[in-house]
Asker: 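Quick one: structure below, then a few questions.
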Amino acid sequence: MSAMDDLLARASRVMPGGVSSPVRAFRGVGGTPVFVRGAHGAYLVGEDGREYVDYVGSYGPHVFGHRPRAVVEAIERALEQSTTYGAPTVAEVELAELLCSALPSLDMVRLVNSGTEATMSALRLARAATGRDRVVKLAGCYHGHADPFLVAAGSGAATIGVPSSPGVPPAVTAATLVAPYNDLAAVERLFHHHGDEIAALIVEPIAGNMGVVPPQPGYLEGLRALTARHRALLIFDEVMTGFRVAWGGAQTLFDVEPDLTTLGKVIGGGLPLAAYGGRRELMEQIAPAGPVYQAGTLSGNPLAVAAGTAQLRALAADGGAAYRILEANGARLEEGLRRAAARHRIPLQVQRQGSMVGLFFASRPVTCLAAVDASDRERFKRVFHRLLADGVHLPPSPYEALFVSTAHGEREIDHTVAAFDRALAAEAAA
Ligand SMILES: *Cc1c(COP(=O)(O)O)cnc(C)c1O
């Protein structure tokens, strides 16, 4: 037994699967997760003392890698006051102003603690504002673990949801309608049959929870037009894409304006912080301005607000120079991976938007969940473990995006590409 196996056994006695969140347990790739002792820049440091180039990035927050100085200092300054007050602060007003200035669709926001809270609250608001109950979600999009979103991905045809977890009442998910991603006709059929019962359609404008699957040209515009025609709200879940793919998120990149937006990950600077927001007349329905109840003991937590604000200001600095670095680092990784795949004649799709990277062992571009399922996931597992042995830590599942940061320089990326090349050489030889 290795040290990590011992740790997993010990953890599993007191924590389900030994982890605080399922993907971390490596069930998607098999084997034993790396218990992490610390991190710096683009590197994780394992409890075995080894360093790994980190493409997990805590699943999204770390645009600058670990421990960026501006964020650490902001947390230290906030810590000198208190960890939490349960009272309004100027700092949270400043963060709200920053979010509203960055995303044109936001007049007002509510700060919460997790992406899950943001999406469930946005849905509650959409249901209250429309007086309707149903919600449309797209197969392969993840919106946190609230009951209405835990619906099995419909295979192929649009279908009424069945719960994908025990403990979720069918009565709850019966209100959730599912259509395949990037299939506008399927969504049109749902609206044709249920249009006047649908409160909202929620979508990841760039899907990042089935690898990375970008919207086909016209898809987001089509969803916008369809929801508007049926007076349903369009919710962009930008918990992953917000401030990562661009200042202003995917909605700015594609110039499509949703009614409600959810944010998280990057805006918390690595601390628990998320938000939902939209037009004034919608957001003023939230308590105490309006009747839609939503609250939180630690919401707007001063440490998280300080970390998030510092991270966003650093992203905005020098005319958004960080985004050019993220793009350059992402492009360098993409080119290296493509070159290795071509050299070894291994079919590979690298689907990238800036610093969000999807890797699929498939011979055609992947546009929906069914195509992800059909990719060579066994090869992904083998390559994952070869890379890990070479000191490169990918997200442990073919359904997760890789995250590049500004700290992923030539050294880290070239090491990654060399390790990937060796892994594909072994695949080609097998
Ligand atoms: C991560 C994520 C969530 C859930 O956020 P948590 O903070 O993990 O609750 C929701 N939506 C999207 C698009 C995400 O990527």
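What's counted below: heavy atoms across the whole structure, side chains too, no hydrogens, waters or symmetry copies. Because the structure is a prediction, the values reported are computed rather than measured.
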Asker: Heavy atoms only: give me the nearest V135-R127 pair and the separation to one decimal.
Answerer: CG1-NH2, 4.1 Å
Asker: Write down the atom of A232, the atom of D259, and the distance for their closest heavy-atom approach.
Answerer: O-OD2, 4.0 Å
Asker: If only side-chain N and O atoms count, and only distance matters, is there a donor-acceptor pair under 3.5 Å linking E94 with T309?
Answerer: no
Asker: Side chains of Y59 and S21 only: does a donor on one sit below 3.5 Å from an acceptor on the other?
Answerer: no
Asker: Using only heavy-atom distances, determine whether the side chains of E412 and Y43 contain a donor-acceptor pair under 3.5 Å.
Answerer: yes
Asker: Could you check E257, Q251, R279 and say which one makes a side chain to side chain donor-acceptor pair (under 3.5 Å) with S105?
Answerer: Q251
Asker: Are R352 and E327 ion-paired here, with the side-chain N under 4.0 Å from a carboxylate O?
Answerer: yes
Asker: Do you know the tightest heavy-atom contact between V203 and Y181?
Answerer: CG2-CE1, 3.7 Å
Asker: With H385, which residues qualify under ring pair (Phe, Tyr, Trp, His ring centres under 6.0 Å), at least two apart?
Answerer: none
Asker: Just by distance, with hydrogens left out, do Q294 and R110 show a side-chain donor and acceptor under 3.5 Å apart?
Answerer: yes
Asker: Ignoring hydrogens and angles, tell me if any N or O in the side chain of N301 forms a donor-acceptor pair with the backbone of T83 under 3.5 Å.
Answerer: yes
Asker: Looking only at side chains, do D5 and T32 share a donor and an acceptor under 3.5 Å apart?
Answerer: yes
Asker: Looking at L424 and A341, what are the two nearest heavy atoms and their distance?
Answerer: CD1-CA, 3.6 Å
Asker: I'd like to know if the side chain of R244 pairs up with that of S355 as donor and acceptor (distance under 3.5 Å, no hydrogens or angles considered).
Answerer: yes
Asker: Hey, is D376 close enough to K381 for a salt bridge, meaning N to O under 4.0 Å?
Answerer: no
Asker: Step through it carefully: locate the ring centre of Y219, locate the ring centre of F254, and say whether they are under 6.0 Å apart.
Answerer: no
Asker: Is a salt bridge present between D414 and R332, judged by a nitrogen-to-oxygen distance below 4.0 Å?
Answerer: yes
Asker: Say whether, by atom type as modelled, one donor and one acceptor occur between the side chain of Q351 and the main chain of V366 under 3.5 angstrom.
Answerer: yes
Asker: Looking at Q311 and P61, would you say the former's side chain and the latter's main chain have a donor-acceptor pair under 3.5 Å?
Answerer: yes
Asker: If we ignore angles and hydrogens, is there a donor and acceptor under 3.5 Å between the side chains of Y276 and D237?
Answerer: no
